[in-house]
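Working notes for the structure below.
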2 protein chains.
Amino acid sequence: MNFQERKKKILTAVEESGSLSVFELSDKLGMSPATIRRDLHDIAEEGLLLRTHGGAMKIENPVLTSFVAKAGSNEENKEKIAQLAAEYVADGDIIFLDCGSTVFKMCRHLKKRNGIKVITNSLPIMAELIDVPSISLNLIGGEIDKQRKAVHGHKAIEHIGGYHAHKAFIGIDGISAQNGLTAHSEHESSITSAFIKNASQVFVLCDSSKIGKDSHIKFGSLSQVNSLFTDQDLDSSRKKQLVEKGLDVVIAK
Amino acid sequence: MNFQERKKKILTAVEESGSLSVFELSDKLGMSPATIRRDLHDIAEEGLLLRTHGGAMKIENPVLTSFVAKAGSNEENKEKIAQLAAEYVADGDIIFLDCGSTVFKMCRHLKKRNGIKVITNSLPIMAELIDVPSISLNLIGGEIDKQRKAVHGHKAIEHIGGYHAHKAFIGIDGISAQNGLTAHSEHESSITSAFIKNASQVFVLCDSSKIGKDSHIKFGSLSQVNSLFTDQDLDSSRKKQLVEKGLDVVIAK
DNA sequence: TTAAAATTGATTATTTTTGATCAAAAGTAA
DNA sequence: TTACTTTTGATCAAAAATAATCAATTTTAA
């Protein structure tokens with residue numbers, strides 16, 4: 001295994017667990033502690049991780065800590081959905097990410113991709129990805145929604161209209177065979193519409209609890225969606241209804 | 001467990017419970033009291049917690065102090081300049097804030113104002129003000145400059161052009177009677193120019209070390225500036241030169 | 001192919017960290 | 001105040017981790 005490979009593995013390992021000792025890394029990669037130390041020294045010099053006595057820690061951005069994402073319900077399923085969705089991102093892609101909590105969980109997996117560009121209105125996503133060298137970030141401007149830690153408003157819509165992405169990954173309040181895509185606020189629905197309109201492919205991330213439920217603002221049809229990613233708890237009759245409408249439903253396992 | 005990890009644990013523990021004794025921490029982390037004392041000493045020196053007899057307490061204003069932690073040379077002067085500048089902001093103002101470090105320090109003082117709107121390209125400023133109910137925030141969109149934790153690029157310029165502010169508060173790389181305003185990157189200078197162009201009043205925050213110094217990109221004249229805020233270390237001959245050019249130079253004390 | 005360069009793991013001297021001890025300082029109660 | 005207890009910071013020896021060195025191996029270039 002060469003240095004580049006080890007570097008990548010070390011970075012993802014440290015990213016996942018927060019901190020690791022030289023010996024843990026040595027075991028994990030099957031390399032001698034001496035080599036791991038040399039690697040850590042070099043990687044730390046690049047500023048990609050924090051060298052500690054005995055190991056290394058991931059660098060956290062003290063300035064942007066106010067954007068840490070809140071933990072909600074259904075975390076395990078959401079995590080699986082996010083991982084599945086991230087597999088649909090290829091190196092070099094330009095992608096839209098909205099401010100949904102499941103979409104946020106894609107970040108961790110995106111760090112492995114190379115040369116992708118992320119265009120987002122989510123402040124937690126920005127905070128999470130700002131220190132990843134392989135990802136370039138474009139932040140959508142406009143009014144700040146303090147509760148949702150996101151940007152919205154007409155300026156944001158205008159901003160999105162100025163870009164075209166290969167893929168859009170969006171969360172959604174409700175989706176059903178009868179009413180298509182629904183939201184419970186104008187702000188959200190207009191942002192989501194803009195993402196859909198300006199992306200070649202549209203992927204919806206949605207845990208099974210929201211499928212078949214409708215919110216009160218209808219804003220899009222199923223035909224605009226390329227794939228729906230959801231979890232194995234999805235009712236089979238609901239799935240059938242969606243598939244019959246021509247939607248590609250992918251279950252995360 | 002190494003110092004960095006302990007530091008993290010100590011800080012979150014103290015944050016949660018408000019205050020903890022050396023022995024409580026010693027138990028919690030499984031380290032000797034001697035080590036905990038050393039840690040508390042070091043962490044307190046960084047200004048991240050308050051050392052008490054027998055333990056430690058949390059500090060009430062954590063975000064700001066973490067910035068103070070990486071304090072540079074002229075910090076005291078910058079703090080005074082920021083405080084002075086903040087006095088020029090009135091309730092109800094719409095203001096531009098750029099991503100200068102001195103401008104950032106205005107945040108603390110702005111929290112006392114009512115009903116102001118802040119339009120900024122600085123991520124730290126946004127992070128600092130996002131939880132202040134009396135301030136509404138507009139984030140400038142565009143490419144993220146990861147090092148400077150700011151937004152820039154042509155989209156950002158366009159965004160600024162869509163707004164008009166009562167006042168603009170800007171930091172600057174160099175200012176002199178001979179060459180006016182100078183910067184050392186195109187990105188910065190174009191953003192600053194946009195702020196100047198779209199604000200009724202322009203205030204420059206600049207510690208005395210940068211006055212009389214020129215960077216290589218000239219981008220504005222002194223006549224565009226309403227007031228220059230600086231510190232008492234300003235050379236009197238330099239001050240005279242600027243005043244003769246018609247600039248209002250205000251010294252922070 | 002061979003020679004040169006780079007990488008790796010082991011060895012070792014050096015540095016860093018840690019916990020114990022103890023005198024001095026700080027806090028507490030009478 | 002004084003006597004007593006707690007906490008502290010300094011010092012030191014043991015333990016842990018590191019950087020430097022070197023030989024063996026692998027890779028690269030000729």
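The sequence lines fix the lettering, A, B, ..., with proteins before strands; numbering per chain opens at 1.
Sorted by first and then second residue, the pairs that involve residues 4-15 of chain A and meet salt bridge (charged side-chain N to carboxylate O under 4.0 Å, His left out), not counting sequence neighbours, are A/R6-A/D39, A/K7-A/E46, A/E15-A/K58, A/E15-A/K111.
We find that A/K117 and B/E143 are joined by a salt bridge, their nearest charged nitrogen and carboxylate oxygen being less than 4.0 Å apart. A salt bridge links B/D131 with A/K149: the distance from a Lys NZ or Arg NE/NH1/NH2 to an Asp or Glu carboxylate oxygen falls below 4.0 Å.
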Restricting to nitrogen or oxygen on both sides, can you table the protein-nucleotides 13-16 of chain C pairs closer than 3.5 Å?
none

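Contacts between residues 32-41 of chain A and DNA chain C, counted as heavy-atom distances below 4.0 Å, involve A/S32, A/T35, A/R38. Interface residues of residues 15-31 of chain A facing DNA chain D, ordered by number: A/V22, A/F23; criterion, heavy-atom separation under 4.0 Å.
Atom CG in A/N2 sits roughly 8 Å away from atom P in C/dT8 (whole-Å rounding). Computed from coordinates, the B/Q4 CD to C/dT17 C1' distance equals 12 Å when rounded to whole Å.
For A/R38, there are no salt bridge (Lys or Arg N to Asp or Glu O under 4.0 Å) partners at least two apart in sequence or on another chain.
Donor-acceptor pairing under 3.5 Å is recorded for the side chains of B/K78 and B/S101.
Here the side chain of B/T182 pairs a donor or acceptor atom with the backbone of B/S215 at under 3.5 angstrom. Judged purely by atom type and a 3.5 angstrom limit, B/D231 has no side-chain atom pairing as donor or acceptor with the backbone of B/D207.
An end-to-end axis angle of 50° holds for the helix from C/dT1-D/dA30 to C/dA30-D/dT1, taken from five base pairs per end and rounded to 10°.
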